[in-house]
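Worksheet for the structure shown next.
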There are 2 protein chains.
Amino acid sequence: MDTPIAHNLVIVSRISALRAAMKHENIHALLVPSSDPHLSEYLPERWKSREWLSGFAGSMGTLVVTLDRALLFADSRYWQQAERELASTGIALYKIKSGMSQEHVDWLATNVSANQTVAVDGAVLGLGAMRTLETALRAQDVKLRTDCDLMEAVWKDRPTLPQAPVYTHTAPHATVTRRDKLAATRAAMKNANADYHFISTLDDIAYLLNLRGSDVNFNPVFVAHLLIAPNYATLFVMPGKIPSAIEAELKADGVTLAAYDEASAALAKLSANSTLLIDPRRITQRTREAVPANVKVVEAINPTTFAKSRKTEAERAYVRETMEQDGAAMAEFYAWFEQAQGSERITEVTIDEKLTAYRARRPGFVSRSFATIAGFKANGALNHYRAEPATAAVIEGDGLLLIDSGGQYLGGTTDITRVWPIGNRAHITAEQKRDYTLVLKGTIALSVAKFPKGTKSPYLDAIARAPIWAAGFDYGHGTGHGVGYFMNVHEGPQTISQGMPDPHTAMEEGMITSIEPGLYRDGKWGIRIENLVLNVPAGNNGFGDFLQFETLTLCPIDTHLIDKTLLRSDEIDWLNTYHAEVARRLIPHVSGDTKEWLAARTKTI
Amino acid sequence: MDTPIAHNLVIVSRISALRAAMKHENIHALLVPSSDPHLSEYLPERWKSREWLSGFAGSMGTLVVTLDRALLFADSRYWQQAERELASTGIALYKIKSGMSQEHVDWLATNVSANQTVAVDGAVLGLGAMRTLETALRAQDVKLRTDCDLMEAVWKDRPTLPQAPVYTHTAPHATVTRRDKLAATRAAMKNANADYHFISTLDDIAYLLNLRGSDVNFNPVFVAHLLIAPNYATLFVMPGKIPSAIEAELKADGVTLAAYDEASAALAKLSANSTLLIDPRRITQRTREAVPANVKVVEAINPTTFAKSRKTEAERAYVRETMEQDGAAMAEFYAWFEQAQGSERITEVTIDEKLTAYRARRPGFVSRSFATIAGFKANGALNHYRAEPATAAVIEGDGLLLIDSGGQYLGGTTDITRVWPIGNRAHITAEQKRDYTLVLKGTIALSVAKFPKGTKSPYLDAIARAPIWAAGFDYGHGTGHGVGYFMNVHEGPQTISQGMPDPHTAMEEGMITSIEPGLYRDGKWGIRIENLVLNVPAGNNGFGDFLQFETLTLCPIDTHLIDKTLLRSDEIDWLNTYHAEVARRLIPHVSGDTKEWLAARTKTI
């Protein structure tokens with residue numbers, strides 16, 4: 001962590017300008033998180049300050065700049081990329097244990113002297129992160145400023161807010177009207193004794209208003225805040241983004257527009273002694289600060305987070321249809337891929353292009369739901385691998401190919417991972433088969449689980465891991481994440497991973513979650529088998545209501561990689577039943593070679 | 001929850017005297033928890049205030065007395081008993097959801113008016129409970145007093161502190177010297193930057209000093225506090241309890257004695273600017289309050305809690321020997337029991353007597369490790385059932401008999417549950433077999449699990465539940481608890497139950513835990529199959545160190561109740577292998593009929 005040699009003049013001059021601004025404001029250290037006023041996973045260009053300042057383009061990473069040092073805090077998934085992108089910038093890489101760890105907080109508390117000042121833009125800092133930072137700095141008598149955005153001074157050509165128009169998610173795919181969703185939200189507010197509710201999270205707003213946008217990659221959302229009162233609601237959004245027809249519809253439903261930057265002022269004007277509901281995990285420090293002291297704040301999870309996680313019966317039906325279309329596109333891709341191999345030059349990047357093209361021909365397709373991960377051989381073992389045209393591997397010779405991809409459709413969001421053997425199948429090794437079969441056992445073990453309604457999702461994680469643990473192996477990511485309905489591919493509140501089993505992680509009917517255990521061999525191969533599953537009722541035998549999973553994803557799971565001696569008969573039965581269902585539901589949606597390919601790939605084993 | 005008719009004159013007069021004392025102190029509501037200054041599971045007589053005041057003898061339950069009402073808060077395990085024992089006392093039963101729920105706090109916050117005063121004896125109130133109570137009451141402007149013990153005024157013949165002498169846990173069974181344990185504790189203190197460490201928990205003190213006592217039921221501990229400084233330690237204990245030979249030994253190891261009630265004064269005298277390590281979950285409000293404001297407090301789990309949970313190699317070896325003795329006693333009991341049935345009148349109470357007598361003949365036996373649960377038919381479904389001589393069921397006719405019992409031995413602590421069919425085996429029903437076999441599958445599923453070292457124990461709970469959940473059933477208790485070494489049968493920090501996966505719940509080598517899934521049919525039968533297991537290394541395949549369980553408990557698992565069609569071949573193999581081990585290790589320790597019984601009950605299925 002010595003200061004590296006700096007001759008990347010663009011970055012050097014930006015950091016230098018930043019330090020001048022820091023000196024001017026008497027700031028000794030600046031914290032630049034990867035975050036925006038909506039605490040989104042994908043950031044609009046305007047809030048990619050950390051990337052602009054450092055040159056590091058990874059999706060997670062925190063920059064700290066002092067008057068004589070600059071450090072980027074990133075976890076192991078990004079070390080290779082960070083080392084490459086930070087070379088010659090003068091910015092040192094600080095290796096942290098996990099994406100969740102707050103080592104930059106400790107670093108600031110230790111390295112900034114008492115009575116010196118740390119600054120961070122409170123407009124992009126989560127309230128929870130702010131509390132942690134404040135406590136750590138106060139213990140060392142370090143001052144904290146959150147009231148200034150130094151980027152305004154140094155980032156001369158900073159992008160404006162996204163201008164893309166907002167559009168309506170219409171019936172029949174939008175299965176509940178905006179009016180009914182607003183009424184349900186107000187009922188939840190009343191239940192929490194709250195007069196007002198303020199929402200900054202983009203998927204909550206898009207869900208509630210049956211609107212969609214394209215302000216960030218992959219998530220069909222738009223940049224806005226929303227204030228809900230008992231008898232009105234105000235959508236704070238860049239002027240011009242809402243077409244007038246939609247503005248009229250919104251008005252009819254009691255939602256009026258205001259400028260994006262007027263949200264804080266509206267909070268400041270809330271009536272004294274009223275009560276405001278906010279979610280402390282989904283609100284920034286700046287927003288919290290805008291609330292007057294005489295307004296009582298109730299902290300709770302956004303009611304819309306629960307509401308959108310529980311898909312309606314109609315939404316479930318559309319998702320099933322969408323899965324047939326998505327599975328058909330996958331089958332068309334694989335059928336083409338197997339024929340084209342050897343005759344065409346296929347790289348990891350062309351896989352993405354071709355697969356997206358097959359999906360794009362399907363009714364209701366809007367966009368990819370995340371950046372396709374196509375990792376051949378050793379690249380499959382890199383969890384956040386994303387092939388670049390210049391360096392993408394060519395698919396040739398023997399090896400395993402992992403493809404993790406998904407689509408946004410008007411009737412649902414998909415996310416699927418399959419692994420396929422490339423080359424001479426006689427060259428598949430016993431180790432590859434063992435790893436693949438263990439992962440498959442993990443997928444099956446959780447797919448068949450029944451559990452009491454209300455079970456906190458983190459406790460289910462070990463069920464998928466147990467067969468992989470049994471061999472002394474493990475995987476370094478969660479087993480599953482919630483998935484939206486034509487919405488974010490990562491949504492809460494449930495998560496099948498070893499995090500905190502808070503009450504809001506309880507499993508309820510209608511939730512959609514991924515099941516995606518894996519096994520990764522550094523430098524060799526990566527395996528992950530991922531399906532989306534729906535929580536459906538599983539009866540009540542006198543011990544309360546139970547849930548089970550309906551597997552939604554429809555696509556063959558490769559059988560050449562299976563070591564059948566490692567599967568129990570009930571596991572083989574599951575796979576054969578699944579493949580029969582895949583064939584039954586996909587074959588009507590495809591033709592020609594793809595039909596044959598599907599028939600061959602869904603044969604019983 | 002109407003006020004019941006009160007003509008139990010003893011209780012009525014006690015409550016009446018209490019109210020007079022409350023009025024005198026201007027107290028509007030008194031909270032009487034089931035607790036003592038050491039936050040123990042089993043209370044010395046002196047601190048059974050709640051039982052003395054209310055007549056309710058259950059092990060959990062909180063009493064609230066106001067000037068005109070009295071309520072006992074208890075969960076469903078105790079409702080029957082509470083209704084019987086509270087009849088005619090004027091005390092109403094307030095039914096709460098679980099033993100952990102804090103509904104009495106809400107009740108006080110709601111029912112006591114602003115500016116009125118709630119009192120509780122801070123000497124028996126955990127720091128965590130105090131913080132919860134304080135926050136809830138402050139929100140309603142209700143005052144809280146923790147500085148008075150009204151029981152001193154009203155309980156005229158209140159028992160004194162227990163007088164039983166303390167004795168040494170000697171080598172070889174004590175496998176680490178007191179001197180070495182003190183050195184290790186001081187190393188941990190230094191690591192936490194603490195000058196001092198104060199311990200109130202009796203098992204931590206007994207472990208650390210290699211001393212044992214008999215001040216409470218079942219746990220071989222004695223009432224004391226301990227203050228550890230870098231160069232001395234002070235044991236606060238009732239004068240006369242420590243024999244002079246032990247006093248001399250302690251002195252040689254740097255531990256001096258002081259009177260039990262001088263602990264707070266010693267804390268008050270800690271040097272300014274020194275640092276004190278305490279465990280906020282294992283310390284009372286009174287103790288915390290005794291620490292001067294100029295002493296810095298570090299809150300962390302007691303280092304001894306970790307140390308004693310990780311049994312040494314020598315301790316593991318003694319536990320294996322102890323399990324052979326305990327299993328031999330169990331086998332003798334069951335062999336006698338099967339012969340005696342029909343010819344002798346056997347009740348649930350005589351089972352306890354007879355089983356304890358067989359254990360008592362075994363080398364190293366000290367006492368039972370908890371009150372034997374012998375539940376025949378419907379009684380087996382009551383989770384905290386304890387047969388009383390007057391009402392104990394006679395073991396006759398057809399039915400299932402659940403026996404959960406254990407012993408304290410110089411070389412370990414045991415805890416085992418088995419279920420045995422009574423009567424005509426042809427009358428065993430398909431439902432009984434299904435339930436029993438599902439529970440057995442749960443026990444096996446977790447017994448064979450491998451998992452990464454450091455896995456937080458709550459995440460393992462679902463592995464035992466999955467086979468039972470698969471049938472739509474569940475059990476309303478945790479899957480397993482940590483077990484001490486000639487120490488408390490319930491000890492932390494690990495716990496296999498759906499609680500908070502705090503960092504200290506991480507599974508480490510040498511921990512002993514129970515695996516005890518169950519299935520309970522109200523009014524019909526209860527099934528639980530419980531073994532103790534030891535965390536042993538399971539190698540490292542490049543994914544970090546793994547652990548697996550060595551099953552320690554040795555005793556046949558009934559096979560007549562098994563529905564073999566529900567078992568997989570690997571489950572049958574596990575059972576046969578287990579039974580072969582039971583036979584191999586127990587038969588050398590028994591003779592005559594018991595030998596034959598063991599041979600018959602460990603046959604392969």
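Everything numeric in this text was worked out from a predicted model, so none of it was measured. Residue numbers start from 1 in every chain, and the chains themselves are labelled A, B, ... in the order their sequence lines are given, proteins ahead of strands.
To the nearest 0.5 Å, atom CE of residue A:Met500 and atom CE of residue B:Met500 are 6.0 Å apart. Between the CG atom in B:Leu460 and the CH2 atom in A:Trp469 there is a gap of 5.5 Å [rounded to 0.5 Å].
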Step-by-step side chain to side chain contact (heavy atoms under 4.5 Å, CB included) determination, A:Arg568 to B:Arg568
CA-CA 9 Å; A:Arg568 297 189 312 255; B:Arg568 298 188 313 255; 3.4 Å; yes
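For chain A, no part of B:Leu446 is nearby; none of its heavy atoms comes within less than 4.5 Å. Using a 4.5 Å cut-off between heavy atoms, B:Thr455 contacts chain A through its side chain alone, with no backbone atom that close. Residue contact with chain A, scored on non-hydrogen atoms closer than 4.5 Å, is absent for B:Arg465.
Within residues 470-480 of chain B, the residues that have a heavy atom under 4.5 Å from a heavy atom of chain A are B:Ala470, B:Ala471, B:Gly472, B:Phe473, B:Asp474, listed by number.
Taking every heavy atom of both residues into account, B:Gly499 and A:Pro501 meet most closely at O-CG, 4.1 Å.
With a 4.5 Å cut-off on side-chain heavy atoms, B:Leu519 and A:Phe543 count as touching.
With hydrogens and angles ignored, the 3.5 Å screen pairs no side-chain donor or acceptor of B:Tyr459 with any backbone N or O of A:Asp461.
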